[in-house]
Novice: 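Sharing a structure, written as structure tokens. Questions coming.
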Amino acid sequence: AQSVTQPDIHITVSEGASLELRCNYSYGATPYLFWYVQSPGQGLQLLLKYFSGDTLVQGIKGFEAEFKRSQSSFNLRKPSVHWSDAAEYFCAVASGDSSASKIIFGSGTRLSIRP
Amino acid sequence: GAVVSQHPSRVICKSGTSVKIECRSLDFQATTMFWYRQFPKKSLMLMATSNEGSKATYEQGVEKDKFLINHASLTLSTLTVTSAHPEDSSFYICSASPSGIGETQYFGPGTRLLVL
């Protein structure tokens with residue numbers, strides 16, 4: 001069965017510093033990978049997704065993620081964080097790319113920004 | 001992008017009553033919608049897959065008689081929490097995507113349920 005692991009529960013970085021959030025997945029076939037962001041009490045917003053092709057994926061708000069099959073990883077990065085980036089970040093994997101494909105979420109990483 | 005709405009955004013009810021939560025795709029049709037539950041400071045747990053015109057598919061451990069799902073049209077799925085108890089208090093989120101391949105799933109803003 002597919003699963004997602006986010007090893008970091010909480011990360012604090014200084015504003016303007018670079019960020020990397022880790023994500024490892026377990027899936028037998030080609031995974032469909034996502035990063036979502038959730039602000040307190042809000043729904044989820046898609047940052048980026050990887051279905052196929054270029055393993056470096058660009059997303060919204062200056063985020064990018066790199067799919068590394070050999071490491072079963074899909075880490076999220078941003079070169080310079082802003083205070084508004086403080087939120088909960090979820091990595092997720094789907095079994096397919098159809099509208100009927102279930103998405104399984106990691107446990108999330110809470111990002112705090114130090115002024 | 002596509003929009004998914006949920007109603008109500010928050011609800012407080014007494015123990016033993018039933019609560020209905022609506023999930024609507026506002027500008028697209030969705031043959032499949034998903035219902036998630038999120039505990040405070042926890043991840044989203046997939047509860048069930050809602051299929052238009054047929055029975056929902058529940059994840060292991062989710063009580064189908066407790067959480068009734070009806071997907072009566074291509075734009076509406078409802079989740080009814082029956083005989084709610086305090087332990088059912090949670091944040092419920094739905095998602096949907098336009099039918100097809102390669103489509104992104106869009107998430108609703110969530111419904112916070114508090115059972116007293």
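Lettering of chains follows the sequences in order, A, B, ..., and the numbering in each one begins at 1. Just so it is clear, the model here is predicted, and its values are computed rather than measured.
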Novice: Are A/Val93 and A/Val57 in one and the same hydrophobic cluster, where Ile, Leu, Val, Met, Phe, Trp and Tyr link if side-chain heavy atoms are under 4.5 Å apart?
Specialist: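 They do share one cluster, since a chain of ILVMFWY contacts under 4.5 Å joins A/Val93 to A/Val57.
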Novice: Check the hydrophobic clustering (I, L, V, M, F, W, Y; side-chain heavy atoms under 4.5 Å; chains of links allowed) and say if B/Phe91 and B/Leu79 are grouped together.
Specialist: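 Each belongs to a different hydrophobic cluster.
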Novice: Are A/Tyr36 and A/Ile9 co-members of a hydrophobic cluster defined by side-chain heavy atoms under 4.5 Å apart?
Specialist: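 Hydrophobic grouping puts A/Ile9 apart from A/Tyr36.
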Novice: Are more than 12 heavy atoms from other residues, nucleotides or ligands located less than 6.0 Å from atom NE2 of B/His7?
Specialist: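 No, NE2 of B/His7 has 12 or fewer neighbouring heavy atoms, counting only those of other groups under 6.0 Å.
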Novice: When rounded to the nearest 0.5 angstrom, what is the spacing between CD in B/Gln105 and CG in A/Leu44?
Specialist: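 Answer for the CD-CG pair, B/Gln105 versus A/Leu44, is 10.5 Å.
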Novice: Is there side-chain contact between A/Gln45 and B/Tyr106, with heavy atoms separated by less than 4.5 Å?
Specialist: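 No, side chains not in contact.
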Novice: Under 4.5 Å between side-chain heavy atoms, hopping through other hydrophobics if needed: is there a path connecting A/Leu111 to A/Leu48?
Specialist: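 They do share one cluster, since a chain of ILVMFWY contacts under 4.5 Å joins A/Leu111 to A/Leu48.
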Novice: Go through the steps for A/Ile103 and B/Leu46 under the test side-chain contact (heavy atoms from CB on, under 4.5 Å), then give the verdict.
Specialist: CA-CA 8 Å; A/Ile103 294 180; B/Leu46 179 64; over 6 Å; no
Novice: Give the member of B/Met45, B/Glu59, B/Gln38 that has the highest number of heavy-atom pairs under 4.5 Å with chain A.
Specialist: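 When all of B/Met45, B/Glu59, B/Gln38 are compared, B/Gln38 has the most.
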Novice: Can you sort out the partners of B/Thr57 under side-chain contact (heavy atoms from CB on, under 4.5 Å), two or more places apart, ordered by chain and number?
Specialist: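 In terms of side-chain contact (heavy atoms from CB on, under 4.5 Å), with neighbours along the sequence ignored, B/Thr57 is linked to B/Thr49, B/Asn51.
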Novice: Ignoring hydrogens and geometry, is there a side-chain-to-backbone donor-acceptor pair from B/Ser43 to A/Gly106 under 3.5 Å?
Specialist: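 A pair under 3.5 Å: yes.
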Novice: So, for B/Lys42 and A/Phe90, which heavy atoms are closest and what is the spacing to 0.1 Å?
Specialist: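 Closest heavy-atom pair between B/Lys42 and A/Phe90: O-CZ, 3.9 Å.
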Novice: To the nearest 0.5 Å, what is the distance between CD1 (B/Ile93) and CD (A/Gln38)?
Specialist: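 Reported to 0.5 Å precision, the distance equals 5.0 Å.
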Novice: Assert yes or no for the condition that the ring centre distance of A/Phe105 to B/Phe107 is strictly below 6.0 Å.
Specialist: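 A/Phe105 vs B/Phe107: aromatic centres under 6.0 Å.
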